[in-house]
Amino acid sequence: MTERTRRWLLAFAMLGLGASVAATWVHYQLLSSPGYTSFCDVSSTVNCTEAYMSRFGSLGGVPVALLGVLWFVLVLVLLLAPRSSAARENAPAYIFALSTAALSIVLYLAYGSFIVLKTVCPLCVATYVAVGALFLISGGAMSFPMSHLPSRAARDLRALVSSPAALVVAILFLGGAATAVAFFPREATPTDAATSAASDQAAAGQAAAPAANQAEQSEFERWYLQQPTVDPGVPADGAAVVIVKFNDYQCPPCKQTYDNYKSVLAKYRASHPGAVRFVTKDFPLDPECNFNAPGGQHVAACEAAVAVRLAEQHAKREAMEDWLFANQPTLTPDSVKQGARQVGGVTDFDQKYPTVLNLVKGDIAAGGALGVRSTPTFFINGRMLRGGLPPQFFDAAIAFELKQAKR
């Protein structure tokens with residue numbers, strides 16, 4: 001490997017590491033800080049949050065960005081090996097093998113971002129470029145066939161074990177990786193709730209929200225009280241807490257909050273019957289019914305909103321919502337109509353569509369008057385929360401409002 005090649009590899013490894021560190025920081029803030037808005041959330045299309053908080057943002061609960069940090073650190077360790085070591089000579093082959101595996105993951109993540117989510121994440125794109133460049137440069141820099149790599153790797157491994165300095169570096173890397181993975185905040189994961197408050201949620205296999213500790217609760221309450229308050233125009237009907245969600249069935253964060261909040265709402269239905277009212281309003285980001293929405297994004301969102309309203313007439317609203325969110329990446333107007341017929345029992349979709357669409361437009365107009373510009377947007381007793389909250393803070397908001405109602 002020439003010095004020039006090594007410098008190029010170092011440059012792209014540093015690019016990838018910098019982007020991954022920034023992405024990891026953003027993901028950490030999204031999980032731990034209520035109301036955090038990423039600096040790379042430029043629009044609904046150029047948006048890091050949608051990518052990180054989607055199913056493509058984590059692997060086994062560990063953020064892909066954090067795994068990227070560890071991967072690029074490993075590449076840098078190989079490139080910075082002592083000049084006299086065999087590992088330095090074999091580094092291009094190791095990097096080529098690592099980047100071949102990483103490239104398959106990058107292609108999958110790019111598909112998820114660009115095709116499924118229809119979102120461009122700038123930090124993600126930087127890591128894609130870095131991995132692709134490392135793959136090409138390392139492949140061109142190899143001085144022996146890949147079939148020789150296993151035997152060379154075995155020799156390098158024996159040399160590592162016999163070198164105290166190399167062994168310390170390896171232990172530090174593995175220990176640091178394990179610590180980072182273990183202590184990074186987790187998104188809600190499926191659990192079997194044992195309490196009666198979450199029995200219906202557990203039966204459905206939904207995610208349980210971790211509780212906010214006292215310090216987080218105090219910090220959250222200070223932030224929460226600073227949020228703007230408006231009247232969303234939804235009657236309380238005897239409830240102490242009224243939650244209004246402006247929703248789009250093709251919006252990935254809308255799906256995430258739908259899934260993650262089920263356990264929280266189930267808990268309060270059991271512990272405070274009738275005290276918490278949750279109302280969903282339609283705000284499809286589809287120019288067919290929402291003139292403020294950009295074209296080409298959520299082409300079946302208007303049909304989806306109508307499908308839920310029609311399914312509700314057959315007492316199948318929740319089943320229809322579950323189906324729409326489960327099939328969110330592949331929704332089309334025709335597939336929504338088919339789902340409405342099969343899941344919601346709707347046999348007259350086309351006939352009723354114009355009339356019901358006017359009701360959807362009524363929600364859109366109400367949302368526009370309240371300042372809704374994106375989905376999901378929540379109002380909890382009138383406090384506007386754009387993008388929703390991590391489930392532990394959603395729980396904390398309800399608990400705070402119930403406490404206030406008792407005063």
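Residue numbers start at 1 and run along the sequence shown. Both backbone and side-chain heavy atoms feed into the values below; hydrogens, waters and symmetry mates do not.
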Chemist: Please table the atom pairs, donor to acceptor, closer than 3.5 Å between any side-chain atom in residues 95-112 and protein atoms at least two apart or in another chain.
Modeler:
unit_1, atom_1, unit_2, atom_2, d
Ser99, OG, Ile95, O, 2.7
Ser99, OG, Phe96, O, 3.1
Thr100, OG1, Phe96, O, 2.7
Ser104, OG, Ala101, O, 2.6

Chemist: Can you tell me if the gamma sulfurs of Cys124 and Cys48 fall under 2.5 Å?
Modeler: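 Cys124 does not pair with Cys48 as a disulfide (SG atoms not under 2.5 Å apart), so no.
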Chemist: Between Lys403 and Glu221 (salt bridge meaning N to carboxylate O under 4.0 Å), is one present in this structure?
Modeler: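 Answer for the salt bridge query: yes.
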Chemist: Under the side chain to side chain donor-acceptor pair (under 3.5 Å) test, which residues partner Lys337, sequence neighbours left out?
Modeler: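 Per chain and number, Lys337 pairs via side chain to side chain donor-acceptor pair (under 3.5 Å) with Asp350.
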Chemist: For Tyr249 and Ala304, which heavy atoms make the closest approach, and how far apart are they?
Modeler: CB-CB, 3.8 Å
Chemist: Going by atom types only, do Tyr268 and Asp395 share a side-chain donor-acceptor pair under 3.5 Å?
Modeler: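 Present: a donor and an acceptor within the cut-off.
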Chemist: For Tyr128, give me all partners under side chain to side chain donor-acceptor pair (under 3.5 Å), at least two apart in sequence or on another chain.
Modeler: none
Chemist: How about Glu401 and Tyr224: does a side-chain donor come under 3.5 Å of a side-chain acceptor?
Modeler: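 The answer is yes; a qualifying pair exists.
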Chemist: Once salt bridge (charged side-chain N to carboxylate O under 4.0 Å, His left out) is applied, do any residues pair with Arg152, and if so which ones, sequence neighbours excluded?
Modeler: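 Listed in chain order: Glu89.
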Chemist: For the residue pair Ser218 and Arg222, confirm or rule out a side-chain donor-acceptor distance under 3.5 Å.
Modeler: yes
Chemist: Rounded to the nearest 0.5 Å, how far apart are OG1 of Thr229 and CG of Leu225?
Modeler: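 Rounded to the nearest 0.5 Å, the OG1-CG separation comes out at 8.5 Å.
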Chemist: Is Lys262 salt-bridged to Glu318, going by a charged N under 4.0 Å from an acidic O?
Modeler: yes
Chemist: Test of understanding: with disulfide bond (SG atoms under 2.5 Å apart), list the residues that count as partners of Cys254, not counting sequence neighbours.
Modeler: none
Chemist: Please identify each residue that fulfils salt bridge (charged side-chain N to carboxylate O under 4.0 Å, His left out) with Asp248, with sequence neighbours left out.
Modeler: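 With neighbours one apart ignored, the set is empty.
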Chemist: Taking only residues two or more places apart in sequence or in another chain, which ones pass side chain to side chain donor-acceptor pair (under 3.5 Å) with Arg277?
Modeler: Asp237
Chemist: Could you give all pairs that pass the salt bridge (Lys or Arg N to Asp or Glu O under 4.0 Å) test and reach residues 303-315, with sequence neighbours left out?
Modeler: Asp282-Arg309, Arg309-Asp363, Glu312-Arg317
Chemist: Does any non-hydrogen side-chain atom of Asp231 lie less than 4.5 Å from one of Phe379?
Modeler: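 Phe379 does not reach Asp231 side chain to side chain.
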Chemist: What residues, two or more places apart in sequence or in another chain, satisfy ring-ring contact (aromatic ring centres under 6.0 Å, His included) together with Phe278?
Modeler: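 ring-ring contact (aromatic ring centres under 6.0 Å, His included) list for Phe278, sorted by chain: empty.
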Chemist: Identify the two heavy atoms, one from Gly16 and one from Thr127, that lie closest to each other, and give their separation to 0.1 Å.
Modeler: O-CG2, 4.0 Å
Chemist: Could you work out, with salt bridge (charged side-chain N to carboxylate O under 4.0 Å, His left out) as the rule, every residue matching Asp348, not counting sequence neighbours?
Modeler: Lys352
Chemist: Is there any disulfide bond (SG atoms under 2.5 Å apart) pair reaching into residues 297-330, and which pairs are they, with sequence neighbours excluded?
Modeler: Cys289-Cys302
Chemist: Quick one: list whatever passes side chain to side chain donor-acceptor pair (under 3.5 Å) with Glu288, sequence neighbours left out.
Modeler: Tyr353
Chemist: In sequence, state the C-alpha distance, the side-chain angles, and the governing distance for Leu123 and Phe39, and then conclude on side chain to side chain contact (heavy atoms under 4.5 Å, CB included).
Modeler: CA-CA 11 Å; Leu123 295 175; Phe39 64 88; 3.9 Å; yes
